[in-house]
Amino acid sequence: MTTTVRPEPGTRPDPWPDALSRARFHVVSGKGGTGKTTVAAALALALAGGGKRVLLVEVEGRQGIAQVFDTAPLPYEERRIAVAPGGGEVRALAVDAEAALLEYFEMFYRLGVAGRTLRRMGAIEFATTLAPGLRDVLLTGKAKECVTRTGSDGLPAYDAVVLDAPPTGRLVSFLDVTKAMADLARVGPIHGQAKGVEALIHSPLTAVHLVTLLSDLPVTETLDAAAELDAAGIPLGSVVVNRMREQWLPDRSVTAAAGGRVDATRIRNGLQSAGIELAPTEIDGLVAETVEHAVAVEGETAALRRLETEPTPPLPRLTLPALLGGVDLGSLYELAESMTAQGVHLEARR
């Protein structure tokens with residue numbers, strides 16, 4: 001049986017425009033349950049292809065990266081977790097707000113021992129609770145440090161940093177809280193830290209990718225997040241349609257099948273001509289599955305049409321297939337290969 005391609009209205013933009021190949025900070029977000037961590041991991045592998053060095057960062061304390069790569073929980077240090085095709089590598093970092101604040105104290109105030117004492121006293125948790133924006137500044141600030149860090153040769157330590165960000169519901173406040181913190185702390189290191197993060201996030205070096213499924217609520221939240229990011233002046237990357245269902249029915253048959261108009265006799269005769277005999281109950285099961293599949297395809301096609309027509313201009317879009325049997329390390333490489341086939345890459349360093 002041959003799959004068919006769903007009709008898509010309008011002109012579809014390049015799924016990976018040239019500007020994205022020059023970005024160095026790739027933020028991945030999506031509504032909960034859309035698979036944003038899996039997509040962030042696959043994106044890191046795809047960007048590392050051809051000998052690149054990529055850092056994958058998480059900030060929510062869920063150890064999601066360790067789970068998708070089937071490795072031990074990540075400490076607050078950068079460690080290699082995968083090798084990419086062509087000799088590239090992916091390193092991972094789980095950023096902890098308290099550890100980042102201790103690092104901040106040591107960097108700017110030389111409070112190594114004193115900082116650890118403050119942690120034992122609970123002062124760090126108190127500080128981040130008193131000023132909630134401070135926690136996000138610390139998390140994004142660590143990511144920014146990784147993006148801008150250079151080696152002894154003067155080149156960036158990483159070709160790209162991929163951030164598995166919080167869900168879209170709080171994405172803009174997470175990324176743009178640096179403005180509020182910059183106003184709160186008008187002088188000193190925290191002011192410089194906040195302003196530096198703000199400059200990076202609003203620059204062409206950053207691209208925010210939104211992960212969605214083809215159903216109404218995730219698509220609505222994706223479109224809302226895209227509008228908020230645009231209004232905040234934060235550069236948008238691609239929309240990643242995850243778990244794309246294969247369409248096994250011809251386009252002309254979808255509407256009829258979704259309405260329950262499936263010819264059981266035709267199915268039985270077709271199977272018999274192929275030498276397959278099924279009981280009537282089994283034929284009924286095939287008919288029910290055909291109707292269910294057609295209904296799902298109609299809904300997903302409508303959701304796809306919203307992504308194509310509601311934003312102006314249409315957003316770049318990557319698609320990833322549904323994986324049978326869940327996500328494991330092998331399937332991450334399959335998803336990365338699919339992204340590479342759609343043009344995902346980084347420009348070579350100059």
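Since this is a predicted model, take the numbers as computed values, not measurements. Computed over heavy atoms, backbone and side chain alike; hydrogens, waters and symmetry mates excluded.
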To the nearest 0.5 Å, what is the distance between [atom1] on [X] and [atom2] on [Y]?
X      : Y      : atom1 : atom2 : value
Thr206 : Leu236 : OG1   : CG    : 11.5 Å
Leu43  : Leu45  : CG    : CG    : 9.0 Å
Arg170 : Leu175 : CZ    : CG    : 9.5 Å
Leu278 : Ile267 : CG    : CD1   : 10.0 Å
Ser21  : His345 : OG    : NE2   : 4.0 Å
Ile201 : Phe174 : CD1   : CZ    : 7.5 Å

Please enumerate all residues that pass side-chain hydrogen bond (donor to acceptor under 3.5 Å, both in side chains) together with Arg306, with sequence neighbours excluded.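 Arg306 satisfies side-chain hydrogen bond (donor to acceptor under 3.5 Å, both in side chains) with Asp216, Thr220, Glu310 once adjacent residues are dropped.
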According to side-chain hydrogen bond (donor to acceptor under 3.5 Å, both in side chains), who are the partners of Asp328, at least two apart in sequence or on a separate chain?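 Asp328 satisfies side-chain hydrogen bond (donor to acceptor under 3.5 Å, both in side chains) with Ser331 only.
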Less than 4.0 angstrom from a charged side-chain N to a carboxylate O is my criterion; do Arg24 and Asp159 meet it?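 Here Arg24 does not pair with Asp159 in a salt bridge, since their nearest N and O are not under 4.0 Å apart.
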May I ask you to say whether Arg317 pairs ionically with Asp14, meaning some side-chain N is under 4.0 Å from a carboxylate O?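 No, Arg317 and Asp14 are not salt-bridged.
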Under the side chain to side chain contact (heavy atoms under 4.5 Å, CB included) test, which residues partner Glu277, sequence neighbours left out?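 Applying side chain to side chain contact (heavy atoms under 4.5 Å, CB included) to Glu277 gives Gln272.
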Short side-chain to backbone donor-acceptor contact, [X] and [Y], under 3.5 Å:
X      : Y      : value
Thr37  : Ile65  : no
Ser203 : Leu205 : yes
Glu58  : Gln63  : yes
Thr309 : Arg305 : yes
Glu221 : Pro218 : no
Gln67  : Arg62  : yes
Lys144 : Gly196 : no

Is there a continuous path of hydrophobic side-chain contacts, each under 4.5 Å between heavy atoms, that joins [X] to [Y]?
X      : Y      : answer
Val59  : Val39  : no
Leu163 : Leu229 : yes
Val27  : Leu346 : no

Of all heavy-atom pairs between [X] and [Y], which one has the smallest distance, and what is that distance?
X      : Y      : value
Pro75  : Leu93  : O-CD1, 4.4 Å
Ser29  : Pro166 : OG-O, 2.7 Å
Ala232 : Asp176 : CB-OD2, 3.8 Å
Pro167 : Gly32  : CB-N, 4.4 Å

Could you give me the CA-CA distance, side-chain angles and deciding distance for Ser338 and Glu334, then say whether side-chain hydrogen bond (donor to acceptor under 3.5 Å, both in side chains) is met? CA-CA 6 Å; Ser338 175; Glu334 290 180 26; over 6 Å; no
Begin with the C-alpha distance, continue with both residues' side-chain angles, and end with the deciding distance and a verdict on side-chain contact (heavy atoms from CB on, under 4.5 Å) for Leu213 and Val219. CA-CA 7 Å; Leu213 304 179; Val219 167; over 6 Å; no
Start with the C-alpha distance between Asn242 and Thr34, add both sets of side-chain angles, then the distance that settles side-chain hydrogen bond (donor to acceptor under 3.5 Å, both in side chains), and finish with yes or no. CA-CA 7 Å; Asn242 196 20; Thr34 58; over 6 Å; no
Got a sec, which pairs hit salt bridge (Lys or Arg N to Asp or Glu O under 4.0 Å) with one end in residues 222-242, sequence neighbours left out?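 Qualifying pairs: none.
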Pairs where residues 77-90 contributes a residue and the test salt bridge (Lys or Arg N to Asp or Glu O under 4.0 Å) is met, not counting sequence neighbours: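 Salt bridge (Lys or Arg N to Asp or Glu O under 4.0 Å) check on residues 77-90 returns Arg53-Glu89, Glu77-Arg79, Glu78-Arg149, Arg80-Glu89, Glu89-Arg91.
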Go through it in stages, so that I can follow the logic: the residues are Leu323 and Leu335, the test is side-chain contact (heavy atoms from CB on, under 4.5 Å), and I'd like the CA-CA distance, side-chain angles, deciding distance and then a yes or no. CA-CA 9 Å; Leu323 298 172; Leu335 295 176; 3.8 Å; yes
Measure the shortest side-chain to side-chain distance between [X] and [Y] over non-hydrogen atoms and say whether it is less than 4.5 angstrom.
X      : Y      : result
Leu315 : Ser238 : no
Val28  : Val208 : no
Val54  : Val161 : no
Pro316 : Val239 : no
Val344 : Leu47  : yes
Leu318 : Val241 : no
Leu332 : Val327 : yes
Asp70  : Leu329 : no

Only one of Thr212, Leu210, Val211 forms a side chain to side chain contact (heavy atoms under 4.5 Å, CB included) with Thr168, so which one is it?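 That would be Leu210.
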Which residue pairs pass the ring-ring contact (aromatic ring centres under 6.0 Å, His included) test when at least one of the two sits in residues 207-240, sequence neighbours left out?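 Sorted pair list: Trp16-His209, His26-His209.
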What do the steps show when you test Thr319 against Met339 for side-chain contact (heavy atoms from CB on, under 4.5 Å), and what is the final call? CA-CA 8 Å; Thr319 59; Met339 287 183 168; over 6 Å; no
Decide side-chain contact (heavy atoms from CB on, under 4.5 Å) for Leu214 and Leu307; before the verdict, give the C-alpha distance in whole Å, the side-chain angles of both, and the deciding distance to 0.1 Å. CA-CA 9 Å; Leu214 287 182; Leu307 291 175; 4.1 Å; yes
